[in-house]
Amino acid sequence: MIEIDQAKIDFFQNEILNWYSKFGRDFYWRKHNLTDFEYIIAEVLLQRTKAETVAKFYPSFISRFPDWQYIANASDNEIEDFLRPVGLYTQRAKRLKSLAKEMVKRDGKLPRDRQVLESIPFMGQYIANAVELVIFKQPSPLMDVNMSRVLERFFGERKLADIRYDPYLQELAYKVVAHPNSKKVNWAILDFAASVCQARKPKCNSCIFKARCSYYLNNESIFPTES
DNA sequence: ATCCTGCAAA
DNA sequence: TTTGCCGGAT
């Protein structure tokens, strides 16, 4: 069992919010007051897809499919063709359509109960957390591969392979985003993951966290220090 | 080659 | 628990 140091969490929150105020990204789905539909579509498109790619594509999708009914009534082929530029289109089209049909059936209303929420097609752990965070305004973590990588590098590695079932990582993530402005902390972590703490070639030498980062301190020898 | 704000089927 | 999905950027 790995101990989670609250003081280290406080430090992390403060520093990453400070970083975010200077270097955070500014996407359409963050600043506008979107409908539930529009927000969920953004999350669906963002799966395994670069946010910058989605940013370019998103407005045209919303304009072609402005609500659940438009997707529910479209043919698989129509949705696939439209999704082609962002990839994963056969699966995404099929799953998006079942999600849309379910939401039409539910009259566009999202269930508060977590079990029921996750029973909706295409509502996995990640999107359910995103719905809780942005729509229900609860401090849930946007726990994707990127957040898990940042948290693990800074606080220490997880034990299990699958991030969804690792109790240490789950507990850690909830503690890290437990903050009056949870959305900002979440977005800050994702942006930091995309531009500094990348999977490949992380920019450790110029990183604001290196003095206290478990990953950096354990691998210091492989990062040539400037002299 | 590897990765991107995952998910569900196998 | 592992694998397929996928175009586009690096």
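Sequence lines set the chain letters: A, B, ... in the order given, protein chains first and strands last, and positions in each chain run from 1.
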Expressed as a whole number of angstroms, how long is the span from [X]:[atom1] to [N]:[atom2]?
| X | N | atom1 | atom2 | answer |
| --- | --- | --- | --- | --- |
| K97(A) | dA8(B) | NZ | P | 18 Å |
| I40(A) | dC7(B) | CD1 | P | 12 Å |
| K201(A) | dA9(C) | NZ | P | 18 Å |
| N146(A) | dG6(B) | CG | P | 6 Å |
| L142(A) | dC7(B) | CG | P | 11 Å |
| E52(A) | dT10(C) | CD | C1' | 12 Å |
| L88(A) | dC4(B) | CG | P | 13 Å |
| R84(A) | dG8(C) | CZ | C1' | 15 Å |

Is the backbone N or O of C197(A) less than 3.5 Å from a side-chain atom of R149(A), with the two atoms forming a donor-acceptor pair by type? yes
Between N146(A) (side chain) and L190(A) (backbone), is there a donor-acceptor pair under 3.5 Å? no
Which is it for R64(A) and E78(A) under the salt bridge (Lys or Arg N to Asp or Glu O under 4.0 Å) test, yes or no, and what are the steps along the way? CA-CA 10 Å; R64(A) 170 65 181 81; E78(A) 285 176 303; 3.5 Å; yes
Could you check whether [X] gets within reach of a base, just the sugar-phosphate, or nothing at all, counting any heavy atom under 4.0 Å?
| X | result |
| --- | --- |
| F192(A) | nothing |
| Q198(A) | nothing |
| T49(A) | base |
| A51(A) | base |
| M147(A) | nothing |

dA9(B) and dC6(C), which share atom name P, separated by this distance in whole Å: 15 Å
Using the C1' atom in both, what is the distance from dC4(B) to dT1(C), to the nearest Å?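 It works out to 23 Å between them.
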For R48(A) and R95(A), take the nucleotide of DNA chain C holding the closest heavy atom to each; which residue's nucleotide lies nearer the 5' end?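 Its nearest nucleotide lies further toward 5', so the answer is R95(A).
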Please tell me which of E118(A) and F27(A) maps to the more 5' nucleotide of DNA chain B, matching each residue to the nucleotide holding its nearest heavy atom. F27(A)
By nearest nucleotide on DNA chain B, pick out whichever of L190(A) and P121(A) is the more 5' one.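 Of the two residues, L190(A) wins.
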Out of [options], which has the shortest distance to the side chain of [X]?
| X | options | answer |
| --- | --- | --- |
| Q91(A) | dC4(B), dT10(C), dG4(C) | dG4(C) |
| R149(A) | dC4(B), dG6(B), dT10(C) | dC4(B) |
| F122(A) | dC3(B), dC7(B), dC5(C) | dC7(B) |

Checking ring-ring contact (aromatic ring centres under 6.0 Å, His included) against F209(A), which of F192(A), F155(A), W19(A) comes through?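 In the set F192(A), F155(A), W19(A), the residue that makes a ring-ring contact (aromatic ring centres under 6.0 Å, His included) with F209(A) is F192(A).
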Kindly confirm or rule out a cation-pi arrangement of R212(A) over F154(A), judged by NZ or CZ under 6.0 Å from the six-membered ring centre and within 45° of its axis? no
Y89(A) side-chain N/O to dG7(C) phosphate OP1/OP2 under 4.0 Å: yes
Check the phosphate of dA8(B) against R92(A), side-chain N and O only, distance under 4.0 Å to OP1 or OP2. Yes or no?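 No, R92(A) has no side-chain N/O under 4.0 Å of OP1/OP2 on dA8(B).
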Students often mix this up, so state it plainly: with edges at 30° and 60°, are the rings of Y58(A) and Y28(A) parallel, tilted or perpendicular?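 Geometry flag for Y28(A) against Y58(A): tilted rings.
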